[in-house]
Amino acid sequence: MTEIAQDDRLAKLAQLRAEGLDPYPPRGVAGTPVEELRAAAGTPDEPGPRVGERVTAAGRLVGLRDFGKLIFAPLQDRTGRIQVGLQKNRLSEWWPRRKHLDGGDLVAVSGELGHTQKGEPTIWADEVQLLSKAVAAPPEKWHGLVDVEQRYRRRYVDLWASEGVREVFQARSRVLSLVRRFLEDQGYLEVETPILHPIVGGAAARPFVTHYNALDADFYLRIAPELYLKRLIVGGLERVFEIARNFRNEGLSRRHNPEFTMLELYEAQADYRRMMEITEQLMEHLALELHGQTTLTWRGEQYDLKAPFARLSYADLLREHAGVDLADEAALRAKARELGLDADMPAGKLAHELFEETVEPHLHGPCFVVDYPVAISPLAKVKPDDPTVAERFEVYLGGMELGNAFTELNDPAEQERRFAEQVASLDPEAPGEVDVDYVQALEYGMPPAGGLGIGIDRLVMVLTGQDSIRDVLLFPALRPQRGDAAAQEAEPAADEA
RNA sequence: GGGCGCGUAGCUCAGUUGGCAGAGCAACUGGCUUUUAACCAGUAGGUCCCAGGUUCGAGCCCUGGCGCGCUCACCA
């Protein structure tokens, strides 16, 4: 037992065992979901179909109100709560054992479904079975877990002790399920591609490095599944998607977690215009399925996910908010210096710095920003009428990037050239070597295709009204907890050095 | 990595000018058969994040460290 086990509960545990009762019995009890029982109880004026019937429910006791010869206790399962009434005269033999119960214990309760005088649906128990003794005390009943660190570190408590938390993750699951159905209905195939990559690619980010013992080589946790999914387009699968956990060895923020989930999809014979349609249709569909309407509130602002979304040109936005022309490199550098940005970087990256600084905060959305500089789009095809601009868009909402898409570059020679440029740039986020195998895949011929990536975590944030990515991740990244001794050992005190 | 803030009972939080460590909930004892944050009476519960320092005296002031949050940087 650890330090969080409570002495009084351990004493009860010992007492249970002394009486020959197993506090951790091997078999569970299949009860009826409590939400169903509540519905089947109806109200005292209009009793439901199962009133008077003997029912069974299993779950966690989340509180006890003891009246002497009567105890009320809310019982919670994955679907909600229902009240249990423990009465001396219905539980004659079991009654003395009520003292073994604590808030937080897992139990199964059987008894007649009915109501109290105040009309609360109640299971009037004639049998109680302890399914698992909680020797750690639950958090304060009214506030739940408030300390955010404790909430993230002990999500297993937060999920049942804090209001609304379970619902967020149920909604997240629903989003994934709806996405799968939406795409499968359009002929998409869900695939799984490697997470361990020998070459970093598909995005610009610092990778996590690991060592592959069997191959005696350093590998990288993927920063994006893109290049493998496009190999499958070469392979003729034509419509593929992956709900991919990606890993980027970068900072944490309300919008960033080093491991995050990205929906990526690729469709042969499509282009970025088709990707815009699928994006807005998918987002509208999710809003309707989750909320029954296309409007929602996020961080105090109203948004309407009704398709179509506005299409806004990257160059126009830059002109409007930064007052500079994308093609005018001198003006870009002047403006960057004015804003105190690093003005020495390549023109394409510089423009994007300006874009993030001046335009992004104003993108209420939902909207598509279209036609990005080629220099920051090494995997996208250029526009036929303007070789400096790529057929690429990002979808924004509330100043936050939700997705990124383009018409895929399928010319192997040009792809090879752009990879080489990246490698030569010595950018710490650029790949260290050209992915020759990917170029060779293109040499076999990749059909014209559109590709799209959508940040699932951020999308769920918007759909569930959560401000922080941590609130849509069951176990967000946190520094590992060490004992004080270990901490002292790892970081010797300054006066000892 | 920088700046700001927070860290006190199992949980949620007070803590005055530096002067005996507090409340509610949870727990324990007693009472109560219709409450739903039940109620009433009583009891017990502390490494005030850690390590130093200043001081007659530190939860409070100073230094360093640890953890978390916000924010900036970073994130094509």
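In what follows, chains are A, B, ... by sequence order, proteins preceding strands, each numbered from 1.
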Under-4.0 Å side-chain N/O to phosphate OP1/OP2 contact, Arg254(A) with U71(B): yes

Determine the contact category for Lys99(A): base if any of its heavy atoms lies under 4.0 Å from a base atom, sugar-phosphate if only primed atoms, P, OP1 or OP2 are that close, otherwise nothing. nothing

Complement of C25(B), any strand, by Watson-Crick or G-U distances under 3.5 angstrom: G10(B)

Is any side-chain nitrogen or oxygen of Arg255(A) closer than 4.0 Å to OP1 or OP2 of C70(B)? no

Counter-base of U16(B), judged by Watson-Crick or G-U geometry with both distances under 3.5 Å: none

Most 5' of Ala137(A) and Asp66(A) on RNA chain B, judged by nearest nucleotide: Ala137(A)

Looking only at atom P, what distance separates G22(B) and G65(B), rounded to whole Å? 34 Å

Taking only side-chain nitrogens and oxygens of Arg392(A), does any of them come within less than 4.0 Å of OP1 or OP2 of A76(B)? no

If only side-chain N and O atoms of Arg9(A) are considered, is one of them under 4.0 Å from the OP1 or OP2 phosphate oxygen of A27(B)? no

Side-chain-base donor-acceptor pair under 3.5 Å for Asp147(A) and U12(B): no

Under 3.5 Å, is there a donor-acceptor pair between the Tyr220(A) and Asn249(A) side chains? no

Short side-chain N/O contact to C28(B) OP1/OP2 from Lys12(A), under 4.0 Å: yes

Could you check whether the side chain of Gln87(A) and the base of U34(B) have a donor-acceptor pair of N or O atoms closer than 3.5 Å, going by distance alone? yes

